[in-house]
Amino acid sequence: MAAQYLTPEQDDKIRQWERWNRNYFIFAFVALTIILVFSSQLGLSSDESWGPLGVLIAALITPIIVLQLKLACPACGHKIGWQAKLMAPDQCKTCGTFLRSRD
């Protein structure tokens with residue numbers, strides 16, 4: 001059986017997801033660091049309650065989960081987001097397609 005690769009259009013779709021995922025992760029990491037370092041000065045937390053700080057953290061993390069749930073193999077449509085970290089996996093575990101175009 002010959003190895004299957006993505007078409008250039010499918011490859012573009014995967015690379016676009018990787019760019020969004022990477023860029024949002026960097027944004028969220030920087031924002032979370034700033035929020036946690038300056039939370040007491042910004043009045044976002046107190047000793048007894050997370051209050052607005054908890055809401056901000058949840059708001060920063062939710063898009064990461066949504067991005068992971070959105071990623072699907074362009075060849076078979078199987079959701080592969082949880083196999084990914086910042087980048088798409090090398091190969092779909094369901095259909096065996098390599099998640100890059102043939103160069």
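Worth knowing before you read on, the calculation uses all heavy atoms, side chains too, and leaves out hydrogens, waters and symmetry mates. Not measured: the values here are computed from a predicted model.
For CG of Asp90, the number of neighbouring non-hydrogen atoms (other residues, nucleotides, ligands) closer than 6.0 Å is 12 at most.
Remark: of the listed residues Arg22, Gln68, Met87, Gln68 is the sole one forming a side-chain contact (heavy atoms from CB on, under 4.5 Å) with Trp17.
Counting only heavy atoms from C-beta outward, the side chains of Leu6 and Phe98 never approach each other to under 4.5 Å. With contacts defined as side-chain heavy-atom distances shorter than 4.5 Å, the pair Ile14/Pro74 qualifies. At least one side-chain heavy atom of Phe27 sits less than 4.5 Å from a side-chain heavy atom of Leu60. Between Tyr24 and Pro63, some side-chain heavy-atom pair lies under the 4.5 Å cut-off.
Contact detail for Lys70 and Lys79: the closest heavy-atom pair is O-NZ, 3.9 Å. Contact record, Ile64 with Ala28: CD1-CB, 4.4 Å, taken as the closest heavy-atom pair. In plain terms, the two heavy atoms of Arg15 and Leu99 that are nearest each other are NH2-O, 2.6 Å. Nearest heavy atoms, Ile80 versus Ala72: CG1-C, 3.9 Å.
Under the 30°/60° scheme for interplanar angles, the aromatic rings of Phe29 and Phe25 are found to lie parallel.
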(message) One pair to check against side chain to side chain contact (heavy atoms under 4.5 Å, CB included): Leu36 and Ile57. What are the steps and the verdict?
(response) CA-CA 9 Å; Leu36 291 175; Ile57 291 171; 4.1 Å; yes
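Taking SG of Cys92 as the reference point, atom CD of Gln4 lies at 10.0 Å (rounded to 0.5 Å).
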